[in-house]
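Structure first, then comments.
When reading the values below, keep in mind they use all heavy atoms of this one structure, side chains included, and skip hydrogens, waters and symmetry mates.
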Amino acid sequence: MTFWEFLSDRLGRLLLLLLCTGLAALFLFATGTQSGILAVLLLFLSMNVLDFFQQRSRLLELKTILDGLDQKYLFTECASPPKNLYERQLFDLTRRAGRAMTGAVSNAQAAQREYREYVEQWVHEIKAPITAARLICRDLDGETRRKLTAELAQIEANIERALFYARAENPEQDCLLRQVNLEKIAVQAVENHRSLLIQSGIQVQTEGLGRTVYTDEKWAVFILGQLLQNAARYRGEAPVITISARPLGKQVQLTVTDNGIGIPAHELPRVFERGFTGSNGRKRGGRGPAGGSTGMGLYLCRKLSGFLELGLEVASEEGKGTTVTLTFPAREELPSLKKG
């Protein structure tokens, strides 16, 4: 708080005080009152200046306490005792408001936790009928079995996306960072989407995957799976996906390259936005074994990559293909949550 801010806040009061003081001074001067009385009046005015310095000092003290707190909502509990009745009542109101807010946040977190647990339970329960449906498909003729298998694969992909979307709200509860072989991640991701890749006629090539990285295996498999689904959805003629890795200092870069239809240049900055499907997604709709675009795949990849400290970049040329690069951090660069 500056002195001019203090004056502007009390401008009306000070003008009234000056007017009253001036009138009193004129009256006393006219009646022959000694000049010492006038000095007392001026001293009374100067008390406002003292009030300014006291308030400024108090505000600086409280600001220093607030800036030093990691959990700033505890400010009223950690601040020095109130100096006067007004401060005591103000602090009391602030404490009551803070407790109400804390209660609301706790209730929201509990509801979010319950929702996450419900989604995870639902995902595990829904896998049973999907597995049963797959077994039933074995007794059907070739074309019908192929179509039903494709639809079931799409259902599983959407269920998996919903599961990771729920987990992404509290990733620290489900994340275990440890040393993992990139080839193991790639093999698992390809296996999870084998039906989709076969039905899309996609050839998968791998290069230099015999490297280890530090990450959460389950999440890395999911991210790579989303990239494979996108490559299948926006494939071109004679589709090929190349998964390769190379060292970058202490880091490792994993690259997923396809020869699909690519992404228009003006849409590239938006591909990680929640719900963004782009012109190619709208054109293709739900056709083909990869189904329609939801705009959630790359959004989740970005969200999970950010938590894992993974670099995620997309380069594309319309009509020629897309390259997605994941940069795995060195062990010492990992966030300090759970390390195996």
Within a strict 4.5 Å, meaning less than it, do heavy atoms of the [X] and [Y] side chains meet?
X: Ser244; Y: Thr206; answer: no
X: Arg246; Y: Gln251; answer: no
X: Val256; Y: Leu224; answer: yes
X: Ser316; Y: Thr323; answer: no
X: Arg134; Y: Leu152; answer: yes
X: Ile241; Y: Thr257; answer: no
X: Leu177; Y: Tyr214; answer: no
X: Val271; Y: Glu273; answer: no

Within this structure, what is the [atom1]-[atom2] distance for the pair [X] and [Y], rounded to the nearest 0.5 Å?
X: Leu90; Y: Arg88; atom1: CG; atom2: CZ; value: 12.0 Å
X: Leu140; Y: Ile136; atom1: CG; atom2: CD1; value: 8.0 Å
X: Glu217; Y: Lys184; atom1: CD; atom2: NZ; value: 4.0 Å
X: Arg211; Y: Ile185; atom1: CZ; atom2: CD1; value: 14.0 Å
X: Leu148; Y: Glu143; atom1: CG; atom2: CD; value: 10.0 Å
X: Gln226; Y: Leu298; atom1: CD; atom2: CG; value: 8.0 Å

**Message:** I'd like to know if Glu267 pairs up with Arg270 as an ion pair, taking the criterion as any Lys NZ or Arg NE/NH1/NH2 lying under 4.0 Å from an Asp or Glu carboxylate oxygen.
**Reply:**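 No salt bridge links Glu267 with Arg270.
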**Prompt:** Is it true that a side-chain atom of Asn259 and a backbone atom of Gly321 form a donor plus acceptor pair closer than 3.5 Å?
**Reply:**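 No; judged by distance alone, with no hydrogens or angles, the pair does not exist.
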Does a donor on one side chain and an acceptor on the other come within less than 3.5 Å for [X] and [Y]?
X: Glu313; Y: Thr325; answer: no
X: Gln253; Y: Thr327; answer: yes
X: Arg161; Y: Gln229; answer: yes
X: Glu117; Y: Gln121; answer: no
X: Thr64; Y: Asp67; answer: no

**Request:** Check the pair Asp258, Leu227 against side-chain contact (heavy atoms from CB on, under 4.5 Å), reporting the backbone distance first and the verdict last.
**Result:** CA-CA 10 Å; Asp258 66 60; Leu227 302 182; over 6 Å; no
Nearest heavy-atom pair of [X] and [Y]: which atoms, and what distance?
X: Leu182; Y: Leu209; value: CB-O, 3.5 Å
X: Leu326; Y: Ser305; value: CD2-OG, 4.0 Å
X: Leu228; Y: Ile243; value: CD2-CD1, 4.2 Å
X: His266; Y: Pro269; value: O-CD, 3.7 Å
X: Ala162; Y: Val119; value: O-CG1, 4.0 Å

**Request:** For Arg96, look at atom CZ and say whether over 12 heavy atoms of other residues, nucleotides or ligands are found less than 6.0 Å away.
**Result:**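 Atom CZ in Arg96 is not packed in, count stays at 12 or less.
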**Message:** For Gln205, I'd like to know if atom CD has over 12 heavy atoms of other residues, nucleotides or ligands within 6.0 Å.
**Reply:**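 Result for CD/Gln205: enclosed.
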**Request:** Walk me through it: do Gln188 and Asn192 pass the test side chain to side chain donor-acceptor pair (under 3.5 Å)?
**Result:** CA-CA 6 Å; Gln188 186 61 56; Asn192 290 349; 2.8 Å; yes
**Message:** For Val314 and Phe272: C-alpha separation, side-chain torsions, deciding distance, then whether side-chain contact (heavy atoms from CB on, under 4.5 Å) applies.
**Reply:** CA-CA 9 Å; Val314 176; Phe272 294 114; 3.5 Å; yes
**Message:** Under the ring pair (Phe, Tyr, Trp, His ring centres under 6.0 Å) test against Phe164, which residue among Phe307, Phe222, Tyr299 passes?
**Reply:**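 The passing option is Phe222.
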**Message:** Do Ile130 and Leu163 sit in one hydrophobic cluster, given that two such residues count as connected whenever their side-chain heavy atoms are within less than 4.5 Å of each other, even indirectly?
**Reply:**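 Result: yes, single cluster for both.
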**Message:** For residues Tyr165 and Ile159: do they belong to one hydrophobic cluster (side chain heavy atoms under 4.5 Å, members Ile, Leu, Val, Met, Phe, Trp, Tyr)?
**Reply:**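 Result: no, two separate clusters.
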